[in-house]
Amino acid sequence: MSDPNPTPLDSINAAAEQVRQQLQLKAYDAEAAAHLANFIQAQRGQLGAAERPGLVLALGCFLGQCLVQAYGAEWATGKDGTTGVGLAGRLFFNPFYLVDAQLNEGESASVAAFFASIPQRLKAPVAARKGWIS
């Protein structure tokens, strides 16, 4: 019996799992992120305005879950109130924005390229905050 009051995380996980099953993917990994990027490319130009928000939401849940599973990220709320994934206690990414960006810009904003960039981002030193900028 399902919980009549699912948590936001339950809803995210359910949406991600539905996408994984629909795309017939085995896991939430680099291969899945590459397949997702190809799927997004195929949707560009064919997606109606009414369908876009739901697709961005579902695919964003899936991309975020790939980050969680592959890189140990955690679903979190950003300082601006957006939902996204946090990594290593210092990085925060909005997977919904990333999906939307690829829908808008194409391969130059590929979610697969972003996914592949995570190890390098984790190695990069934390930028020092400038105290004189307000």
Side-chain angles (χ1 to χ4, degrees):
M1 186 169 169
S2 64
D3 186 348
N5 299 313
T7 67
L9 188 55
D10 291 337
S11 297
I12 288 169
N13 288 333
E17 182 59 18
Q18 186 175 22
V19 170
R20 188 192 67 75
Q21 289 178 12
Q22 287 180 344
L23 296 180
Q24 300 178 339
L25 299 168
K26 296 176 187 169
Y28 299 96
D29 56 12
E31 182 180 330
H35 190 87
L36 177 62
N38 290 334
F39 179 79
I40 293 169
Q41 281 304 113
Q43 298 306 304
R44 293 185 76 230
Q46 298 182 2
L47 191 60
E51 295 91 21
R52 187 178 176 120
L55 186 70
V56 168
L57 181 63
L59 298 183
C61 289
F62 180 77
L63 176 60
Q65 198 60 26
C66 287
L67 293 167
V68 167
Q69 296 281 328
Y71 296 115
E74 295 179 278
W75 284 101
T77 302
K79 292 178 183 176
D80 62 355
T82 59
T83 298
V85 291
L87 277 160
R90 63 183 178 89
L91 301 171
F92 182 82
F93 303 107
N94 182 328
F96 310 102
Y97 172 82
L98 295 165
V99 167
D100 194 54
Q102 185 176 346
L103 279 169
N104 288 332
E105 301 166 31
E107 290 186 23
S108 66
S110 168
V111 297
F114 169 81
F115 188 89
S117 77
I118 296 297
Q120 197 61 33
R121 291 171 189 264
L122 289 170
K123 290 179 191 173
V126 176
R129 298 211 180 234
K130 307 276 189 232
W132 50 268
I133 298 176
S134 57

Item to check | Trp75 side chain reached by Pro95 side chain, heavy atoms, under 4.5 Å | outcome: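 Result yes, sub-4.5 Å side-chain heavy-atom pair found.
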
Checklist entry - Does atom CD of Glu74 have more than 12 heavy-atom neighbours, drawn from other residues, nucleotides or ligands, at distances under 6.0 Å? => result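 Count not over threshold, so no.
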
Item to check | Gln24 atom CD, over 12 foreign heavy atoms within 6.0 Å | outcome: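 Not buried by this count: 12 neighbours or fewer within 6.0 Å.
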
Item to check | Contact summary for Ala33 and Ala112, nearest pair of heavy atoms | outcome: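 Here Ala33 and Ala112 meet closest at O-CB, 3.8 Å.
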
Item to check | Minimal non-hydrogen separation, Arg20 against Lys26, with atom names | outcome: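 The pair with the smallest heavy-atom distance is NH1-O, 3.9 Å.
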
Checklist entry - Hey, mind stepping through Gln102 and Phe39 against side-chain contact (heavy atoms from CB on, under 4.5 Å) and telling me if it holds? => result CA-CA 11 Å; Gln102 185 176 346; Phe39 179 79; over 6 Å; no

Item to check | Matching residue for Tyr28 among Gln69, Glu17, Gln65 - test: side chain to side chain donor-acceptor pair (under 3.5 Å) | outcome: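 It is Glu17, the one option of Gln69, Glu17, Gln65 that forms the side chain to side chain donor-acceptor pair (under 3.5 Å) with Tyr28.
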
Checklist entry - Hey, what's the ring geometry for Phe115 with Tyr71, parallel, tilted or perpendicular (30° and 60° as the breaks)? => result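 Ring orientation of Phe115 relative to Tyr71: tilted.
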
Checklist entry - Between OG1 of Thr82 and OH of Tyr97, what distance do you get to the nearest 0.5 Å? => result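 With rounding to 0.5 Å, OG1 (Thr82) is 12.0 Å from OH (Tyr97).
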
Item to check | Inter-residue atom distance Asn13.CG - Thr7.OG1, 0.5 Å rounding | outcome: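 Between Asn13 CG and Thr7 OG1, I get 7.5 Å after rounding to 0.5 Å.
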
Item to check | Listed partners of Gln46 passing side-chain hydrogen bond (donor to acceptor under 3.5 Å, both in side chains), at least two apart | outcome: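 Here no residue qualifies.
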
Item to check | Partners passing side-chain contact (heavy atoms from CB on, under 4.5 Å) against Ala58 (at least two apart in sequence or in another chain) | outcome: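 Scan of Ala58 (side-chain contact (heavy atoms from CB on, under 4.5 Å), adjacent residues dropped) gives Val19.
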
